[in-house]
Structures are given as structure tokens and as C-alpha cells.
2 protein chains.
Amino acid sequence: MVSSAPLNLPVLAREPKETTNQWVYRSLRRAVMIGLVPPGRALTIRDVAAALGVSAMPVREALRRLSTEQALEVRDNRRIMVPQMTASKFRELCELRISIECHAAERALPYVTTQRVDDLTAIDRRIDQVNAAGDREAVTMFNQDFHRHLYEANPNQVVMPLVESIWLQLGPFVRLALSKLQDFYQVDRHSEALAALKRQDPLALRIAIEADIRDGITHVGTNELLKAYVESAGQPS
Amino acid sequence: MVSSAPLNLPVLAREPKETTNQWVYRSLRRAVMIGLVPPGRALTIRDVAAALGVSAMPVREALRRLSTEQALEVRDNRRIMVPQMTASKFRELCELRISIECHAAERALPYVTTQRVDDLTAIDRRIDQVNAAGDREAVTMFNQDFHRHLYEANPNQVVMPLVESIWLQLGPFVRLALSKLQDFYQVDRHSEALAALKRQDPLALRIAIEADIRDGITHVGTNELLKAYVESAGQPS
DNA sequence: TTCGATAAAATGTGATCACATTTTTGAATT
DNA sequence: AATTCAAAAATGTGATCACATTTTATCGAA
């Protein structure tokens, strides 16, 4: 079987003080998160290096970093690929995400100022805008911004790296699955979260965050999502 | 100030099929976990490479991996070091650890067989042995084995990498602090956990795991531990 | 055709080097 | 003595190469 399409990676704009390393990492991360790299397709160092026009060195480190973050998987063959998703693994990731993010929200709550609530409200409005415009990718990104900006109210940050790892693992699958959905947001759980923040109500906040996550991912039923995903996925090596 | 002692790293035995990369990673990880690398001390690639007798390449990747796992910190200067611990960050890490591990235990519970309970019991006995012998390092390692073996009952593993990251961040500090303690285990929380596993009792399991973690870290009071830690720590660059 | 063995190509790994940035050193000035 | 600033040393980054392992292609036998 001829597997390889020439690996068309979206080349992100390179920021001013950024090292090649960081730039390659951002580009690869974005590609994985968007679902551009099919699971089971081997990511070779030389291919990625050629696609981005750099040497092997920064690519090696970016691939290893993403592997450490569980976004990629290093097989015994030393081949690196996007891990295959299964229904039960997906469920496990969702429950873990809910557990960690509810914890993060609760630990952030005491530090949330009215200024931050305003910022969050602004982000929420932007989500509504891009959602109305049908821009699913922007919805995903701004939604992540909303959650990140909430959790980072806590000045002693230890949870965000773990959350980002889970987002990365769910990312490619959710993206692919979301394209099959009709209406993304039914109830605005963010409003409920914002209300809970204003009242400094931990329990209500947890409930809103959990509902928000479930709505965003699981409310149409895991099976359909997974089916759409598996159908579009490649075979393992 | 002359900062650098010659960086004496414990060289682990190299396993049969292991790449230099993995070996360097294991060695460095162990050194960090044990608290051999003082916070604030810069870890230079060439120093580590010289200490381990390898080239810069595997060291670079090992350092980056540990940075991704939050065990090391990459400063703006591009210098890499063990992050400084603070009282509030420590508290945050403990609460996060409890939250995640309770979740992990609960999700593992349905998959725990009598065979696994037997294995866990055996590990627990070994903990008692090395604890009686006063071998604190072995207690730490076997204690981690106990928790890992419990959570890995769940065949859809997504939580262990995150747990390992937290252990890594707490590791150097706990090690240092433990040396100040008299009796490590007062109540055997593992017995309570094992009983809960046999009864398939989720709530009792959560309570036992939380109590175990708190006993192991926080019961003597965070402030004393931190004081002992900070006193032994180096200055930031 | 199908299967298996061998050769050829591709790939990951580790080492070395050049260069830009950062840190340290050391002397000159106040 | 303290400070400043330029030279020197140290360090991280990125590129290139050789080599061992793995994958793929090729050819011959059942």
C-alpha cells in the first residue's frame, strides 16, 4: 500500500524571538490538534524537516516533546505516530478532563477578580460570534482560551500543563467529530460558569464546568463520534 | 560565588536494548527525583554529558523531556534548572495529586482482580520491610509502585503520565523533607485501600488514597517541611 | 499466485562542528 | 573599594555526517 501523501503541514508564522525549535513545535502541535496528521501514519523526521524547510535537529526535539505530552506515540519500532483512539480510551480521557478541570476551576475560584470575569465574558462573546459564523476551529481555540484564562487565575499554576496534554490527546478526535455535528452550543454553560464565579460559588462552578465539557464532547453520544472518527482514520503500521 | 560542585550524577546500570537517550533520561530523572540536583543550579548540557560520558545529543533530548514533564524549568536565558519550590505551589501540587489519584483509583476499581489485590498486598509487605530497615528511598519507590500498580489496573491508561509528572515535581522536595521525619508511616492506609478494593467500595477507596497521600506528605505540617527544604536549596541564578 | 529470503532504501540514533547568544572575567575609571 | 565596560569563555542552537536498525523492494521457489 502506498501510504504517504506528501505531508502538507500548515506553516505557522514565525514569531520574532522564537527559536526554530519552538516554531517547529508550534507548527506540529497545531497540525496534530487540528487532526491533520492521520492516526497510524508514521511521522518521519526527514519528512517533517523537509516539509518545514529545516534540519532534522529541531524536528527531533519537537517530536519527542509531543510524545512526552502524549500527543504522539513512540512505537517499539521507534516509529512516531498519532495514537489510535478507541471508544473506551476516549471515555477515559473525557472523565479525566472533567475531573481535572473541575479541580482547576475550584482552585482558581478564590483568585477570580471582577476584572477577570469581565475578560472571560469578552472571550465568551467572541465564542458566540465565531460560532454564529460557523467557524468551528475558532470556536475550539476560543473555548480553550476561556478555560485557560479561568484556571490561570490561580497564581500557583501546576495544572495547566496537564490540561493542555489532555486537550492535545482529545484534539484531533474532537475536531474530526465536530464537523459532523449540527449545533455545537445548545445551552450556554459559560454563562452559568460566569454566574458562579461572580457569586464565588464552588459547587455551581463545578457543575457548570462539567456540563460545559460534556456538552462540548459527549452529548450526541460517543459512538457516533467514534464511528465518524474511525472511518476517516488510517491503518496502524 | 563559585557555585559548581562537579555534578556527581549516580550512573544507573544500562539495560540491554536501551538507547543512550533512554539511559540518560533515566539517570537524570532519578537524580532529580532523589533531590541530587539542587534547585537553582543550572544544568548545562556539556556538564551532564561529561558526567555521563556521552555526547551532547542524548542529554539535550533528556533535558527537554524532563522540562516538558515539569521536572525541570527552562528559563528565558535558556538555562535549565530544577524549579524553585514555594509553600503555596507545594500545597497546590498536593491537592492536585490527591484529586487525580483519587480519580485514577476510582476508575481502576472495577478492573481490580483478586490477583491484583494479591500483588498489591505483596508490594505493601515490601514497603513494611524497607520501612523497618529505615531505607527511605526504597519506601518512596515501592510506594510509587503500589500506586502505579493500582491505577494501571485500568486497561485504558491515560492518567499515569500525568501522575508521574506530579510525582516528579514533588519528588525532590519530599525526599529532602523526609530525611527530617521520624516515623514515616503511622497508620497503614494501604491496608484500608486494599480492604476497599476487596469490597469494591469506591468511596472508601477514595478516602484511603487521600489519607495515604496526606499522611505521606502533609501530616507533619507543610511549613516545617518547606523550611527544611529552602534551607538546603541553592540560590536562583 | 503466494510465500520467503535477500538486497536496497529509508529511518532513527549518536557524534561533531560552526555560530549566535549569554555569562563570566578582568582591567580601567570614578 | 565600587562600578562600568569590553574581551574572553561558556553555553544553547542548528546543521551535517556516519552508522546501526528497520522497512521496503526484488527476486526466486513452492
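We name chains A, B, ... by the order of the sequence lines, and we start the count at 1 in each one.
The two residues A104(B) and V159(B) make their nearest non-hydrogen contact at CB-CG1, 3.7 Å. Heavy atoms only, all atoms of each residue included: Q157(A) and E152(A) are closest at NE2-CA, 3.6 Å.
In summary, the side chains of T19(B) and Q22(B) do present a donor paired with an acceptor at a separation below 3.5 Å, with no hydrogens or angles considered. At a cut-off of 3.5 Å, with distance as the only test, a side-chain donor of R14(B) or T20(B) sits close to an acceptor on the other residue. Between the side chains of W167(A) and E69(A), no donor-acceptor pair of N or O atoms lies under 3.5 Å.
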Short N/O separations, protein against nucleotides 9-12 of chain C, under 3.5 angstrom:
{"unit_1": "dG12(C)", "atom_1": "OP2", "unit_2": "I45(A)", "atom_2": "N", "d": "3.0"}
{"unit_1": "dG12(C)", "atom_1": "N7", "unit_2": "R46(A)", "atom_2": "NH1", "d": "3.0"}
{"unit_1": "dG12(C)", "atom_1": "O6", "unit_2": "R46(A)", "atom_2": "NH2", "d": "3.3"}

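Between the NZ atom of K17(B) and the P atom of dT13(C) there is a distance of 14 Å, rounded to whole Å. Rounded to whole Å, the distance from CD on E18(B) to P on dT13(C) is 13 Å. Spacing between atom CZ of R75(A) and atom P of dT23(D) amounts to 10 Å, rounded to whole angstrom units. Rounding to whole angstrom units, CZ of residue R60(B) and P of dT13(D) are separated by 7 Å. Put simply, CD on E61(B) is 8 Å from P on dG14(C), counting in whole angstrom units. Rounding to whole angstrom units, CH2 of residue W23(B) and P of dT13(C) are separated by 17 Å.
The phosphate of dT16(C) has neither OP1 nor OP2 within less than 4.0 Å of any side-chain N or O from S55(B).
Each of N21(A) and D76(A) was matched to the nucleotide of DNA chain D holding its nearest heavy atom; the match closer to the 5' end belongs to N21(A).
Checked by atom type and distance alone, the side chain of E18(B) pairs as donor or acceptor with a backbone atom of E15(B) at under 3.5 Å.
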